[in-house]
Amino acid sequence: MTRNDTAGEREQSRVPRHIAIILDGNGRWAKKRGLPRTAGHAAGAETFRKIALYCRDIGVDYLTVYAFSTENWKRPTEEVKTIMRLLDKYLHEAIETMERDGMKMRIFGDVSGLSPQLQALAHTADEIADHVDGFQANICLNYGGRDEIVHAARRYAEDLAAGKVSGELTEESFSRYLYSAGIPDPDLMIRPGGEQRLSNFLLWQCAYAEFYFTDVLWPDFTTEELDKAIAVFRSRDRRYGGVK
Ligand code: FPP
């Protein structure tokens, strides 16, 4: 086998290190079945569980999902309550099983806008995640990409005024103030549900992500669908602005 074959083979079997997914289509999935929208969110949360476990098993290091945006508070109160209850349930479960399953969970977003109970769960999840190695699922909750950047800029300005940082601000030093501090940018961004836009998700981090859009509604998204997205990702030529 030549060196090139080896490199080619490596390219063929490449698994994205970090996958980001916009969980979209729960409401339409429920409507098609004559169910309330909240049933779509419950089904979507189960799909998240399946896909997260699959990502862990195939060697993805990070999965970041968009579960609730800074704009989603405009939804009917009952729907917001259901989503928060689901997040509470899945965070509780994650906290109990993270160490056993080698799978950690973190919340990205403006946690201060969440209920005290969810804030406490997010804090506990962080404490466990700090000492557990392995696959990491990040749930974006009360999250907005622009909000994240403004939040980071404010924190940087505070540190500068307090003399905690000095020297030139670089992309690398700025990114330490983002919710995603310390983790690599997503390689692959997937949006199910038929829309083809970013909707204020990971604006900074997706600078060089490959995008994959599908009409499949999130609760119907399967491990086979994820394999398809990864196959498309592998066929892309990532040049990062350079030439090959
Ligand atoms: C978008 O679909 C989905 C949401 C705003 C909520 C996603 C939340 C969950 C799946 C529940 C908890 C998640 C985890 C990770 C445990 P939509 O309601 O906008 O669908 P539509 O476009 O069909 O109306």
Side-chain angles (χ1 to χ4, degrees), residues 18-56 60 62-98 101 103-111 113-115 117-119 121-122 124-126 129 135-145 147 179 186 189-202 213-223 225-226:
H18 183 176
I19 297 180
I21 308 182
I22 297 178
L23 310 182
D24 195 15
N26 296 346
R28 279 164 287 162
W29 181 92
K31 196 171 173 208
K32 266 174 48 183
R33 288 162 178 75
L35 298 169
R37 292 178 56 81
T38 47
H41 296 314
E46 269 310 300
T47 301
F48 160 76
R49 188 212 303 274
K50 274 185 226 139
I51 295 298
L53 288 169
Y54 187 64
C55 282
R56 180 198 64 182
V60 172
Y62 302 93
L63 170 69
T64 303
V65 298
Y66 202 6
F68 196 85
S69 75
T70 43
E71 290 74 37
N72 284 151
W73 297 105
K74 293 180 219 149
R75 293 187 174 218
T77 318
E78 206 36 57
E79 184 171 341
V80 172
K81 271 194 195 156
T82 299
I83 295 174
M84 294 302 157
R85 265 199 300 269
L86 284 165
L87 287 156
D88 189 292
K89 174 182 158 199
Y90 282 76
L91 262 172
H92 257 114
E93 188 184 299
I95 285 167
E96 277 162 26
T97 57
M98 272 199 267
D101 294 350
M103 175 165 157
K104 47 192 175 176
M105 201 181 266
R106 289 189 192 270
I107 299 297
F108 285 0
D110 183 2
V111 177
L114 303 175
S115 68
Q117 190 173 332
L118 269 175
Q119 288 188 40
L121 285 174
T124 308
D126 270 344
F135 171 77
Q136 180 170 322
N138 307 306
I139 300 188
C140 293
L141 183 51
N142 196 23
Y143 175 90
D147 185 62
Y179 299 128
M189 157 67 69
I190 300 175
R191 182 164 191 158
E195 309 291 356
Q196 302 200 356
R197 55 174 169 259
L198 207 43
S199 300
N200 204 14
F201 188 40
L202 301 179
F213 298 104
T214 169
D215 289 337
V216 172
L217 303 174
W218 172 247
D220 289 330
F221 197 91
T222 56
T223 54
E225 292 294 334
L226 187 67

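Start at 1 and go down the list; that is how both ligands and their atoms are numbered. The first residue in the sequence is number 1, and the count goes up from there. Both backbone and side-chain heavy atoms feed into the values below; hydrogens, waters and symmetry mates do not.
- Scanning the protein heavy atoms around atom 14 (C) of ligand 1, the nearest turns out to be Leu87 CD2, 3.9 Å.
- Residues His41 and Trp29 have side chains not in contact (no heavy-atom distance under 4.5 Å, counting atoms from C-beta outward).
- The distance from the CD atom of Glu93 to the CZ atom of Arg49 is 4.0 Å, given to the nearest 0.5 Å.
- Taking a 4.0 Å cut-off on heavy atoms, Lys89 fails to register as neighbouring ligand 1.
- Ligand 1 has a nitrogen or oxygen under 3.5 angstrom from a nitrogen or oxygen of Asp24.
- Here's the thing with Arg37: one of its N/O atoms is less than 3.5 angstrom from an N/O atom of ligand 1.
- Note: Tyr62 and His18 have tilted aromatic rings, judged against thresholds of 30 and 60 degrees for the angle between ring planes.
- Residue Gly44 places no N or O, backbone or side chain, under 3.5 Å from any N or O of ligand 1.
- Heavy atoms of Thr47 found under 4.0 angstrom from ligand 1: none, in either backbone or side chain.
- Compare Phe68, Tyr90, Phe48 by their heavy atoms: the one nearest to atom 15 (C) of ligand 1 is in Phe48.
- Taking 4.5 Å as the limit, some side-chain heavy atom of His92 sits within range of a side-chain heavy atom of Gln117.
- Which parts of ligand 1 touch His41 is read off a 4.0 Å heavy-atom cut-off, strictly below it: atoms 3 (C), 4 (C), 6 (C), 10 (C), 11 (C), 18 (O).
- Among the atoms of Trp218, none of the N or O lies under 3.5 angstrom from an N or O of ligand 1.
- Looking only at side-chain heavy atoms (C-beta outward), Ile107 and Leu91 come within less than 4.5 Å of each other.
- With respect to atom 3 (C) of ligand 1, the closest heavy atom belonging to the protein is Leu23 O, 3.0 Å.
- In the vicinity of Ala67, heavy-atom distances shorter than 4.0 Å reach the ligand 1 atoms 4 (C), 5 (C), 6 (C), 7 (C), 8 (C).
- In terms of polar-atom proximity, Tyr66 is not counted as a contact of ligand 1, lacking any N or O under 3.5 Å from an N or O of the ligand.
- Between Leu121 and Leu114 there is no side-chain heavy-atom pair separated by less than 4.5 Å.
- The distance from ligand 1 to the heavy atoms of Ile139 drops below 4.0 Å at these ligand atoms: 15 (C).
- Counting only heavy atoms from C-beta outward, the side chains of Leu202 and Tyr66 never approach each other to under 4.5 Å.
- Here the side chains of Pro192 and Leu217 are not in contact, with every heavy-atom distance at 4.5 Å or above.
- Atom numbering of ligand 1 starts at 1 in the shown order; those under 4.0 Å from a heavy atom of Asn72 are 5 (C).
- Of the N or O atoms in Asn26, one or more lie within a sub-3.5 Å distance of an N or O in ligand 1.
- Here the options are Phe108, Phe48, Trp218, the test is side chain to side chain contact (heavy atoms under 4.5 Å, CB included), and the partner is Val65; only Phe48 passes.
- With contacts defined as side-chain heavy-atom distances shorter than 4.5 Å, the pair Met84/Phe68 qualifies.
- Two residues are said to be in side-chain contact when any heavy atoms from C-beta on lie closer than 4.5 Å; Val111 and Tyr179 fail this criterion.
- Here the heavy atom of the protein found nearest to atom 19 (O) of ligand 1 is Arg75 NH2, 2.9 Å.
- Ligand 1 has at least one atom lying under 4.0 Å from a heavy atom of Gly25.
- Short contacts between ligand 1 and Ile83, defined as distances under 4.0 Å to a heavy atom of the residue, involve ligand atoms 6 (C).
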